[in-house]
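Structure record follows, encoded as structure tokens.
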Amino acid sequence: MVTIAPSVLSADYLRLGEHAREAEAAGAGSLQVDIMDGRFVPNLTFGPGIVAALRSAVKIRLDVHLMIVEPEKFLKDFADALRDASGQAGATCIIVHQEATDHIHMALQTLRGLGVEAGVCLNPGTPLSAIEEVLDLADMIQIMTVNPGWGGQPFIRSQLDKIRRLRWMLDERGLNTAIAVDGGIDTTTAPLVVDAGATVLVAGSSVFNNKASVADNITALKASFAQKA
Ligand code: DX5
């Protein structure tokens with residue numbers, strides 16, 4: 001099944017909870033929260049507090065995308081920000097960049113140990129070989145189809161072949177790991193990435209914009225790949 005993961009980077013920060021609930025009501029499979037530190041990427045965004053607030057606003061899975069250096073320092077903080085009164089982290093995936101740590105194997109093991117789903121993300125210039133040894137430790141593998149830092153950037157078409165090769169690598173190992181794609185996903189590029197094997201479409205500016213409502217934008221995205229999924 002293919003799901004939409006709206007990226008709150010493009011949401012209206014004055015109405016973040018409302019926008020999150022609108023996306024949930026419109027059938028989003030998860031929300032992606034872009035954490036940026038101004039070092040791994042040249043932009044600065046949210047911290048654990050915003051993640052905790054969004055956790056209280058919606059029930060759907062939160063995908064916390066760590067675009068930060070030394071992610072190990074914050075894995076527990078973000079996992080704790082997602083815990084409810086019973087101490088459960090709920091439906092959560094924390095995604096670390098392979099490029100941001102010397103120990104991606106340990107980072108993924110740590111995430112699973114914290115009781116959250118473990119995600120790993122690759123920038124457009126990073127080959128799949130960089131995660132070949134940890135495919136079985138990831139619950140989701142995210143392929144950037146823009147260079148990370150901002151919403152509204154153009155889709156990098158060369159990543160389509162990478163998504164196809166990743167699907168083949170996972171199938172060959174009998175792994176049904178989710179493949180997320182992130183950046184420049186709209187009604188034109190969505191069918192292309194689904195055709196290549198993507199199962200989670202991260203979409204920011206094509207969902208949160210002033211052209212149409214969140215619900216209409218999500219409906220249009222789903223319709224664009226309905227024949228492909
Ligand atoms: C970019 C972020 C993406 C971004 C996607 O660094 O990781 O999630 O918000 O935005 P669009 O969908 O507008 O390209």
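Note: hydrogens, waters and symmetry copies are ignored here, and every other heavy atom, side chains too, is used. Whatever order the structure lists ligands and atoms in, that order sets their numbers, starting from 1. For the single chain, residues carry numbers from 1 onward in sequence order. Quantities reported herein were computed from a predicted structural model and do not represent experimental measurements.
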Notebook entry, point to check: Are the side chain of D186 and the backbone N or O of T189 linked by a donor-acceptor pair below 3.5 Å?
Noted result: yes
One finds that the ligand 1 atoms under 4.0 Å from a non-hydrogen atom of A203 are 12 (O)
- Message: Please determine whether the number of non-hydrogen atoms from other residues, nucleotides or ligands lying under 6.0 Å from atom CZ of F155 exceeds 12.
- Response: yes
>> Taking distance alone, with N or O pairs closer than 3.5 Å, would you say G152 contacts ligand 1?
In response: yes
Quick note on ligand 1: atoms under 4.0 Å from a heavy atom of P148 include exactly 6 (O)
Quiz item: Non-hydrogen atoms of Q32 versus ligand 1: any pair closer than 4.0 Å?
Solution: no
Residue, atom and distance of the protein heavy atom nearest atom 12 (O) of ligand 1 read G204 N, 2.7 Å
Between P6 and F208 the two heavy atoms that sit nearest each other are CB-CE1, 3.7 Å
closest protein heavy atom to atom 1 (C) of ligand 1 is W150 O, 3.4 Å
heavy-atom search around atom 13 (O) of ligand 1 in the protein gives S205 OG, 2.5 Å
R167 and T177 have their tightest heavy-atom pair at NH2-O, 3.0 Å
| message | Using heavy atoms and a 4.0 Å limit, tell me yes or no: is S206 in contact with ligand 1? | response | no
Please check this pair: side chain of T199 against backbone of A178, looking for a donor-acceptor N/O pair closer than 3.5 Å. no
M36 heavy atoms within 4.0 Å reach ligand 1 at atoms 6 (O)
Under 4.0 Å from one or more heavy atoms of G149, ligand 1 contributes atoms 1 (C), 6 (O)
Checklist entry - Can F74 be reached from V116 by stepping across I, L, V, M, F, W or Y side chains whose heavy atoms are under 4.5 Å apart? => result yes
For S7 and V202, the nearest pair of non-hydrogen atoms, with its separation, is CB-CG1, 3.9 Å
Under 4.0 Å from one or more heavy atoms of H65, ligand 1 contributes atoms 7 (O)
If only atom types and distance count, is the side chain of H97 paired as donor or acceptor with the main-chain N or O of M67 below 3.5 Å?
no
among protein heavy atoms, the one nearest atom 10 (O) of ligand 1 is G151 CA, 3.4 Å
heavy-atom search around atom 9 (O) of ligand 1 in the protein gives S7 OG, 2.9 Å
Ligand 1 atoms nearer than 4.0 angstrom to some heavy atom of L9 are 9 (O)
* Polar contact flag for Q153 and ligand 1 (N/O pairs, less than 3.5 Å) -> no
- request: Please confirm whether Y13 and F46 have ring centers closer than 6.0 angstrom.
  value: yes
heavy-atom search around atom 2 (C) of ligand 1 in the protein gives D34 OD2, 3.4 Å
- Message: Any side-chain to backbone donor/acceptor pair from N217 onto V207? Under 3.5 Å, distance only.
- Response: yes
Among non-hydrogen protein atoms, atom 8 (O) of ligand 1 lies closest to D182 OD1, 2.7 Å
Numbered in order shown, the ligand 1 atoms found under 4.0 Å of a heavy atom of G183 are 14 (O)
Contacts of A20 meeting side-chain contact (heavy atoms from CB on, under 4.5 Å) (sequence neighbours excluded), chain-then-number -> L31, L54, V58
All heavy atoms of L111 vs all of L75, minimum pair found to be CD2-CD2, 3.9 Å
The closest protein heavy-atom partner of atom 14 (O) of ligand 1 is G184 N, 2.8 Å
Within 4.0 Å of some non-hydrogen atom of M67, the atoms of ligand 1 are 6 (O), 7 (O)
